[in-house]
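To start, the structure under review is shown below, and the notes come after it.
In listed order, ligands and their atoms are each counted from 1. Any value given below was found using the heavy atoms of this structure, including those in side chains, with hydrogens, waters and symmetry copies removed.
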Amino acid sequence: MLAVIPPIQDGSWQAELRAALRTGDDLAAAGLIAPERAAEAERVRAVFDVQIPDSYLDAIAESGPADPVWRSAVPAAEELIVRPEELGDPIADEAHTPVPGVTRRHRDRALLKPTYACAVYCRFCFRRYAVGQGEETLRRGELEAALSYIAKTTELWEVILTGGDPLVLSDGRLAEILDRLRAIEHVKVLRVHTRAPAVLPARVTDELAALLAGPRTRPRKPVWVVLHVNHVRELTPAAEEAIDRLADRGVPLLNQSVLLRGVNDTVEAQEALLRRLVELRVKPYYLHHADLARGTSHFRTTLEEGQELVRALRARVSGLCQPAYVLDLPGGHGKVPVGPATVHREGGETWIEDASGRRHHYPPAVAADEDPEDSGAVANGRSGR
Ligand SMILES: *Cc1c(COP(=O)(O)O)cnc(C)c1O
Ligand code: SF4
């Protein structure tokens with residue numbers, strides 16, 4: 001697994017990653033679990049890897065599932081419970097994989113997964129069938145094949161580096177991939193999905209920030225960085241500095257969260273997170289309904305609970321703070337917005353629900369082929385827009 005990490009210097013992010021907690025004994029020695037739970041933690045780790053770097057440990061205030069960060073990173077016996085509706089590959093990535101390392105569900109964009117290694121192995125991970133299972137990094141030949149697929153697929157306007165976490169790659173490896181993608185004429189926009197700024201802030205060096213900001217030549221081919229932060233406590237002072245380093249370089253920043261029971265399924269937890277992100281120049285992008293990954297039922301809310309939450313947030317926080325609540329349909333049919341329905345039709349009439357749930361009548365539009373004289377649209381002043 002450490003093959004992706006070059007020679008290690010003391011105090012570097014690579015050294016921090018190498019020293020991360022992994023075993024049941026590590027967790028017990030750090031006081032995260034009772035020593036008698038170490039064997040159970042090892043059983044869970046056999047199903048899905050454990051890795052907690054030192055700086056993420058700083059975000060844990062108390063040992064136990066009541067702590068949102070502990071719950072996100074420390075293995076729990078519930079992960080061994082697999083429910084019948086749960087799936088190995090919940091969003092059917094494998095069925096949409098034209099070449100190893102590439103997932104494509106849309107005409108204009110595709111995922112490129114150069115590694116399945118991460119800085120932290122999140123206990124709710126939707127890609128746990130592939131992530132943290134050894135064999136993490138694409139081999140040289142596979143990466144070449146993935147890049148050729150992208151180069152010959154001229155409809156691809158955007159390439160999304162994900163995984164795994166692409167920022168566990170060395171700067172050299174990452175620079176090479178970004179340069180190769182930028183050199184493809186039809187690829188205009190790049191994206192990196194990463195949890196590193198929050199869970200391994202030391203990774204965000206000035207060199208990395210410069211690399212992501214990219215050359216000033218035209219066309220710019222920007223890298224949009226999409227963070228993954230679920231709780232305001234993950235935004236430690238070091239994480240905030242890492243985010244500032246990217247924002248100060250002009251790297252556009254978004255955030256996606258997963259809606260997780262016991263982590264961020266209250267209006268208060270969401271409000272605190274969303275406000276802080278916007279204060280840090282990060283635009284909340286998606287709130288994902290938790291996928292049907294195996295052994296994650298203790299994290300899943302109902303869709304109705306999620307809808308109630310986003311309805312309450314709509315009334316409570318600035319539009320800048322609002323993420324789109326989305327469900328990635330099982331079977332690989334893509335993401336669908338599942339926020340509360342606000343448009344209702346009754347007897348040919350349209351009613352729109354406001355943030356507090358009251359319904360308001362909304363007049364019908366004039367059909368494009370309708371003669372305004374006949375409809376009286378001009379007479380009542382309704383044709384202006
Ligand atoms: C989620 C996903 C994307 C990105 O979707 P956006 O709505 O553009 O953020 C692209 N491709 C695949 C296969 C995905 O699963
Ligand atoms: S960082 Fe993403 S891919 Fe990695 S374990 Fe967490 S959720 Fe899974």
I want to check something: taking the side chain as every heavy atom from C-beta on, are Leu212 and Leu178 in contact at a cut-off of under 4.5 Å? yes
Contact check, side chains of Leu190 and Arg182, non-hydrogen atoms, under 4.5 Å: yes
Looking only at protein heavy atoms, what sits closest to atom 14 (C) of ligand 1 is Lys335 NZ, 3.3 Å
So, regarding Glu158 and ligand 1 (criterion: nitrogen or oxygen to nitrogen or oxygen, under 3.5 Å), is there a contact or not? no
Would you kindly specify which portion of Val120 sits under 4.0 Å from ligand 2, judged on non-hydrogen atoms: side chain, backbone, both or neither? backbone
Can you find a heavy atom in the side chain of Pro75 that is under 4.5 Å from one in the side chain of Val47? no
Decide whether an N or O pair under 3.5 Å exists between Arg191 and ligand 1. yes
Taking 4.0 Å as the limit for heavy-atom contacts, which would you say applies to Ile160 with ligand 1: side chain only, backbone only, both, or neither? side chain
Check whether Phe299 forms a cation-pi arrangement with Arg71 (NZ or CZ under 6.0 Å from the six-membered ring centre, at most 45° off the ring normal). yes
For the residue pair Ser55 / Glu16, report whether a side-chain donor-acceptor contact shorter than 3.5 Å exists. yes
Close side-chain approach of Leu273 and His231, heavy atoms under 4.5 Å: no
Do Arg191 and Trp224 meet the cation-pi criteria used here (NZ or CZ under 6.0 Å from the six-membered ring centre, within 45° of the axis)? no
Pair Arg203 + Asp171, salt bridge at N-O below 4.0 Å: yes
Looking only at non-hydrogen atoms, the one of Gln256, Arg109, His106 nearest atom 8 (O) of ligand 1 is Arg109
How far is atom 9 (O) of ligand 1 from its nearest protein heavy atom, and which residue and atom name does that atom have? Tyr285 OH, 2.6 Å
Tell me, do Val74 and Ile52 make a side-chain contact under 4.5 Å, heavy atoms counted? yes
For the pair Arg140 and Glu144, find out whether any cationic side-chain nitrogen is under 4.0 Å from an anionic carboxylate oxygen. yes
Of all protein heavy atoms, the one nearest atom 7 (O) of ligand 1 is Tyr286 OH, 2.5 Å
Atom 2 (Fe) of ligand 2: the protein heavy-atom neighbour that sits closest, reported with distance to 0.1 Å: His228 ND1, 4.3 Å
Would you say Pro337 and Tyr325 make side-chain contact, with heavy atoms under 4.5 Å? no
Who's the nearest protein heavy-atom neighbour of atom 15 (O) of ligand 1, and how far? Arg105 NH2, 3.0 Å
Near atom 8 (Fe) of ligand 2, which protein N/O/S atoms are found at less than 2.8 Å? Cys125 SG
